[in-house]
Number of protein chains: 2
Amino acid sequence: MQNSFTEENYLKIIHALSGRDGGEVSTNALAESTATRAASVTDMLRKLAEKGLINYKKYQGVTLTELGEKVAIKVIRKHRLWEVFLVEKLGFGWDEVHDIAEELEHIPSEILVEKLDAFLGHPRFDPHGDPIPDAKGNLMEPDYGVLTDVQLGEKVRMMGVLDHAPSFLQHLDRSGLTLGSLIEVKEINEYDRSASVQIDGGPTLFISLEVSKNVLVQRR
Amino acid sequence: MQNSFTEENYLKIIHALSGRDGGEVSTNALAESTATRAASVTDMLRKLAEKGLINYKKYQGVTLTELGEKVAIKVIRKHRLWEVFLVEKLGFGWDEVHDIAEELEHIPSEILVEKLDAFLGHPRFDPHGDPIPDAKGNLMEPDYGVLTDVQLGEKVRMMGVLDHAPSFLQHLDRSGLTLGSLIEVKEINEYDRSASVQIDGGPTLFISLEVSKNVLVQRR
DNA sequence: TAAAAAATTTAGACTAGTCTAAATTTTATT
DNA sequence: AATAAAATTTAGACTAGTCTAAATTTTTTA
Ligand SMILES: [Mn+2]
Ligand SMILES: [Mn+2]
Ligand SMILES: [Mn+2]
Ligand SMILES: [Mn+2]
């Protein structure tokens, strides 16, 4: 049978919290991310385990099974493709698309996804720099660094963001930081780890640690 | 508060069954169209009435309130715009889009609908010839006739279909009948009311009463 | 390593939407 | 108008997903 909207969300969140190592995810972490209570999570975990989507032993946390992983990646693929559509075709800002994509990602129809993918020209990344899984379910996570780890004087390319909150994305817009920006670290303040960076060889910008922490860059 | 997927479907179906005269819709008719039982319909009707979306007096059938009508038309607008998107942009056939649009029509976001509408060039009709309500909720029902009512020798333009079933639409495709086709009635058989028609001044086609009944045409 | 704290699960309950079976109301027929 | 048939509503129950409060298990800390 089909998976419900709610089940798909649990799988997607388990995938995200599990990280690239595929480690166990705790009931409390899921309660936090799903905005429900731990007791509700336990109920759902029993059901997902029943359906063979997760590995679950009481009190031990959960991981996705291969099947669960496949389902999660399909949802992520749809989410990111729809985000590309919203930005590239409909003209939404990258700060406006996440919530709409949260709904669109649950529309069924394999063929819809594949036609959408073709219509968009088989994009490799979504508007936030996140990689789009291919039709076979392969998800290549590029290993970007965080701006915090960049040394003084280094030049890096902005490739993505860790925080997807509209307020953060809007802040980046106002700062003139977008995907692809060339960032040169001109100064790092020991006291609060804020920094001055030069964008695309042009204007210099002051950024807080909070921002640096959430900007993904390609070091070369 | 927001209306659920299920509530929206009830409103849309009440709108459809109510016809242009806005007449009462019976519990049984709704049970049939929603593929549920009459008892379930009664429960939902109480709820919709509670929310001010329908006029409901026990045993008397229902009509939409102005509010209910507004909500129904918004759903219809979304359904038809998404169908245009699926056909015009993604390359689906007109026989493939209805079920997918049934899902997409429930995605919220007013701004999404308006951006989609603009992206599509503000289409007036969907792939089946059905009129698309405008952003203000105006729905202009053109008064087409049915091919059955066309006289011998008359020339009419095909403008829509009454049956939206994939099998019927595929049958029209195979027959070479599409929206915009010029149809001249060459012969009508008294016995079964089947007919021979000439399409776009070209090939002559034999069509059954069942088909004629479901083809909408513009008489001039 | 025993007690305290934290995390997790169980118990019991609620809502939305659905069902079957029984009761009621309306409509059609004698 | 009385009765039969059809339509509709009510009663009681079920599932998915959620909740609070209580019980249990694991982890931490003294
Ligand atoms: Mn997103
Ligand atoms: Mn994204
Ligand atoms: Mn349709
Ligand atoms: Mn249509």
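Proteins get letters first, then strands, A, B, ... in listed order; numbering begins at 1 in each.
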**Message:** For E154(A), give me all partners under salt bridge (charged side-chain N to carboxylate O under 4.0 Å, His left out), at least two apart in sequence or on another chain.
**Reply:** R219(A)

**Asked** Would you say the side chain of M140(B) lies within less than 4.5 Å of the side chain of P131(B), judging by non-hydrogen atoms?
**Response** no

**Item:** Atom pair distance, as rounded to whole Å: CG in N3(B) and P in dT15(C)
**Value:** 19 Å

**Message:** Please tell me if K58(A) has a side-chain N or O lying less than 4.0 Å from either OP1 or OP2 of dT10(C).
**Reply:** yes

**Request:** Measure from CD on E24(B) to P on dT26(C) and round the result to the nearest Å.
**Result:** 14 Å

**Item:** Distance in angstrom units between M44(B) CE and dT9(D) P, rounded
**Value:** 14 Å

**Message:** Centroid separation under 6.0 Å, is that true for the rings of Y10(A) and F5(A)?
**Reply:** no

**Message:** Between P on dT9(C) and CG on L48(A), what's the gap in Å once rounded to a whole number?
**Reply:** 13 Å

**Request:** Do nucleotides 19-24 of chain C as a string where each nucleotide becomes B, S or -: B if the base has a protein heavy atom under 4.0 Å, S if just the sugar-phosphate does, - if no protein is that close.
**Result:** BBB--B

**Message:** Looking at dT8(C), I'd like to know if its phosphate oxygens (OP1 or OP2) sit under 4.0 Å from a side-chain N or O belonging to N28(A).
**Reply:** yes

**Request:** Take atom CZ of R46(A) and atom C1' of dT18(D), then tell me their distance rounded to the nearest Å.
**Result:** 14 Å

**Asked** Does any non-hydrogen side-chain atom of W94(A) lie less than 4.5 Å from one of L172(A)?
**Response** yes

**Asked** Between atom CD in E50(B) and atom P in dT15(C), what is the gap in whole Å?
**Response** 14 Å

**Request:** Kindly state which residues belonging to residues 5-14 of chain B come within less than 4.0 angstrom of DNA chain C, counting heavy atoms of the residue only, listed by number.
**Result:** T6(B), Y10(B)

List, one per line, each side-chain donor-acceptor pair under 3.5 Å for residues 54-64 of chain B, sequence neighbours excluded.
{"from": "N55(B)", "atom 1": "OD1", "to": "T63(B)", "atom 2": "OG1", "distance (Å)": "3.1"}
{"from": "Q60(B)", "atom 1": "NE2", "to": "K58(B)", "atom 2": "O", "distance (Å)": "3.4"}

Show which side-chain atoms of residues 100-112 of chain B pair as donor or acceptor with protein atoms under 3.5 Å away, not counting sequence neighbours.
{"from": "E102(B)", "atom 1": "OE1", "to": "K12(B)", "atom 2": "NZ", "distance (Å)": "2.8"}
{"from": "E102(B)", "atom 1": "OE2", "to": "K12(B)", "atom 2": "NZ", "distance (Å)": "2.9"}
{"from": "E102(B)", "atom 1": "OE2", "to": "H79(B)", "atom 2": "ND1", "distance (Å)": "3.4"}
{"from": "E102(B)", "atom 1": "OE2", "to": "H98(B)", "atom 2": "NE2", "distance (Å)": "3.1"}
{"from": "E105(B)", "atom 1": "OE1", "to": "K12(B)", "atom 2": "NZ", "distance (Å)": "3.2"}
{"from": "E105(B)", "atom 1": "OE1", "to": "H79(B)", "atom 2": "ND1", "distance (Å)": "2.7"}
{"from": "E105(B)", "atom 1": "OE2", "to": "K12(B)", "atom 2": "NZ", "distance (Å)": "2.6"}
{"from": "H106(B)", "atom 1": "ND1", "to": "E8(B)", "atom 2": "OE1", "distance (Å)": "2.6"}
{"from": "H106(B)", "atom 1": "NE2", "to": "N9(B)", "atom 2": "OD1", "distance (Å)": "3.0"}
{"from": "H106(B)", "atom 1": "NE2", "to": "E102(B)", "atom 2": "O", "distance (Å)": "3.2"}
{"from": "S109(B)", "atom 1": "OG", "to": "L112(B)", "atom 2": "N", "distance (Å)": "3.0"}
{"from": "E110(B)", "atom 1": "OE2", "to": "K74(B)", "atom 2": "NZ", "distance (Å)": "3.0"}

**Message:** For residues 132-150 of chain A, which residue pairs pass the salt bridge (charged side-chain N to carboxylate O under 4.0 Å, His left out) check, not counting sequence neighbours?
**Reply:** none

**S26(B) side chain to N28(B) side chain, donor-acceptor N/O pair below 3.5 angstrom** = no

**Asked** In whole Å, what is the span from the CD atom of Q60(A) to the P atom of dT25(D)?
**Response** 12 Å

**Asked** Does the side chain of V113(A) come within less than 4.5 Å of W82(A)'s, by heavy atoms?
**Response** no

**Prompt:** What nucleic acid atoms does T27(B) come within less than 4.0 Å of, heavy atoms only: base, sugar-phosphate, or nothing?
**Reply:** sugar-phosphate

